[in-house]
Undergrad: 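My questions all concern the structure below.
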Amino acid sequence: MSDVIGYERGRAGEDPPYLDPNYGSTVKRAPAKPLVRLEHTLTEVTGPGFADGWAGPDKTDLTRQGKSEPIGARMIVAGRILDEHGRPVPKTLVELWQANSAGRYLHEMDQHDAPLDPNFTGAGHVVTNDDGDYKFVTIVPGAYPWRNTHNAWRSQHIHFSVFGPGFASRVITQMYFPGDPLMPFDPIFLSIPEEAARNRMISAYDPTLSVAEWALGYRFDIVLRGRLQTPTGI
Amino acid sequence: MRLIPTPSQTAGPFFKFGLDRPEWADLTGGGKATGEKIRIEGRVFDGDHAPVPDAFLEIWQANAAGRYAHAEDRQAKPLDPHFRGFGRCSTDKEGKYHFLTIRPGAVPGRGNTLQAPHIAVRVFARGLLKHVTTRLYFPEDPLNKSDPVLGSIEDAARRQTLLGAADGADGAVKLYRFDIVLQGKGETVFFDV
Ligand SMILES: [Fe+3]
């Protein structure tokens, strides 16, 4: 058995800490002890595959899940899943979930006093094509209040979950919107120390993706950790 | 050229409609997978030892023969068409989760080592800006003694947090209890992966 080629690791500054007192929920949930470094083995470089349709038929149009169309500004969000060396990640599962245009989730614990939309679940998933591309049609999510501090509001965002080729490539992130005035006040967005890394989470308005008389287009590429260039250790 | 990876963000409390797939808690393909069926149950606790009701877990493991269903596992061991090795389960109001799966076989470690049978486990939740990763090992397995990952944890009490607890059986299905403590007394060992 020859050694496996591991994955690059997250760099301080580009990844959030576990404990961030500005985000109150981390205080009782962040591990207090240092993590134990694990050199990648076959366990970490392998991971679930989705090329055979196991995750079920793609659900890419969130505006056609109800009896009629949801309320809100229609938008297209599309992009490519890449690794940090710029290589596309084909046939991987991308899941997304979001609030409706009023800033309310379809969830029993979401008690925000804003209307639910009977025609909007806010959930979708797709397996990337051979070039790593994905595309969804949805509604611009509303900002919503949360109880982190008095009068706190989350920036408009869409939650994204991506697997990539191995256990070590997995990431769950959030997509933000360019120019959102709430971002400088949002401790979850600000939990990433370096501005260049934070900017990776901001989508770009893309006029070539917009469809005339129909929908706004936002481009959001997601970059996963890449493989080490050479095997490490023996 | 290097691109900055997209940073991790919390899954928040409202992932359920997007991610919950209760059928993914059964890894046995409705009982068709080869090997010894086992059930894994546990609870997730926070630093006050309060249950975490808004988390979800994902697991990844080899099949009964010790092979991963992935192109990079080129071992000459059988693949099982009914076993994918991946599961997901949300916690309930009491912080409980469960999986029905197959006891994994041993898989190679780095160099010429052999890893004891184990299941890779990660937890996502509100308050976790990035997921935590741990491993479940089986308490009675003789290979644990020489497992390089277990061996890298010097403190025996901490090592113990990676061992499931044999807790009887439901018919022929052995039950392993595996609680995860995110912080504080009895804190589970989490790995930098
Ligand atoms: Fe959210």
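We name chains A, B, ... by the order of the sequence lines, and we start the count at 1 in each one.
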Undergrad: Report which part of B:Glu58 has an atom under 4.5 Å of a heavy atom belonging to chain A: side chain, backbone, both, or neither.
TA: side chain
Undergrad: Relative to chain B, which segment of A:Val162 carries a heavy atom at a distance below 4.5 Å: side chain, backbone, both, or neither?
TA: neither
Undergrad: Against chain A, label B:Arg158 side chain, backbone, both or neither, depending on which of its atoms sit under 4.5 Å from a heavy atom there.
TA: side chain
Undergrad: Give, for atom CG of B:Leu182 and atom OG1 of A:Thr26, the distance between the pair rounded to the nearest 0.5 Å.
TA: 11.5 Å
Undergrad: Taking side chain as everything from C-beta outward and backbone as N, CA, C, O, which of these in A:Glu44 sits under 4.5 Å from a heavy atom of chain B? Side chain, backbone, both or neither.
TA: side chain
Undergrad: For A:Arg170, which atoms come within 4.5 Å of any heavy atom of chain B: side chain, backbone, both, or neither?
TA: both
Undergrad: Does any backbone or side-chain atom of B:His118 lie under 4.5 Å from a heavy atom of chain A? Answer side chain, backbone, both or neither.
TA: side chain
Undergrad: Measure B:Val189 against the heavy atoms of chain A and call it side chain, backbone, both or neither at under 4.5 Å.
TA: side chain
Undergrad: Which atoms of B:Val52 are under 4.5 Å from chain A, going by heavy atoms: the side chain, the backbone, both sets, or neither?
TA: both
Undergrad: Walk me through it: do A:Tyr23 and B:Thr10 pass the test side-chain contact (heavy atoms from CB on, under 4.5 Å)?
TA: CA-CA 11 Å; A:Tyr23 173 24; B:Thr10 179; 3.5 Å; yes
Undergrad: Is B:Lys16 salt-bridged to A:Asp110, cutoff N-O under 4.0 Å?
TA: no
Undergrad: Which atoms of B:Val132 are under 4.5 Å from chain A, going by heavy atoms: the side chain, the backbone, both sets, or neither?
TA: both
Undergrad: Which answer fits B:Arg84, side chain, backbone, both or neither, if we ask what part of it has an atom under 4.5 Å from a heavy atom of chain A?
TA: side chain
Undergrad: Check whether B:Glu23 gets within reach of chain A through its side chain, its backbone, both or neither, counting any heavy atom under 4.5 Å.
TA: neither
Undergrad: So what's closer than 4.5 Å to chain A heavy atoms on B:Phe45: side chain, backbone, both or neither?
TA: neither
Undergrad: For the pair A:Arg29 (side chain) and B:Gln183 (backbone), establish whether a donor and an acceptor sit closer than 3.5 Å, ignoring hydrogens and angles.
TA: no
Undergrad: Heavy-atom cut-off 4.5 Å, strictly under: side chain, backbone, both or neither for A:Thr43 against chain B?
TA: both
Undergrad: Please classify the contact between A:His157 and chain B as side chain, backbone, both or neither, with a heavy-atom cut-off of under 4.5 Å.
TA: neither
Undergrad: Using a cut-off of under 4.5 Å on heavy-atom pairs, state which of B:Glu187, B:Gln115, B:Gln9 scores highest against chain A.
TA: B:Gln9
Undergrad: Would you say the ring centers of A:Phe167 and B:Tyr68 fall short of 6.0 Å from each other?
TA: no
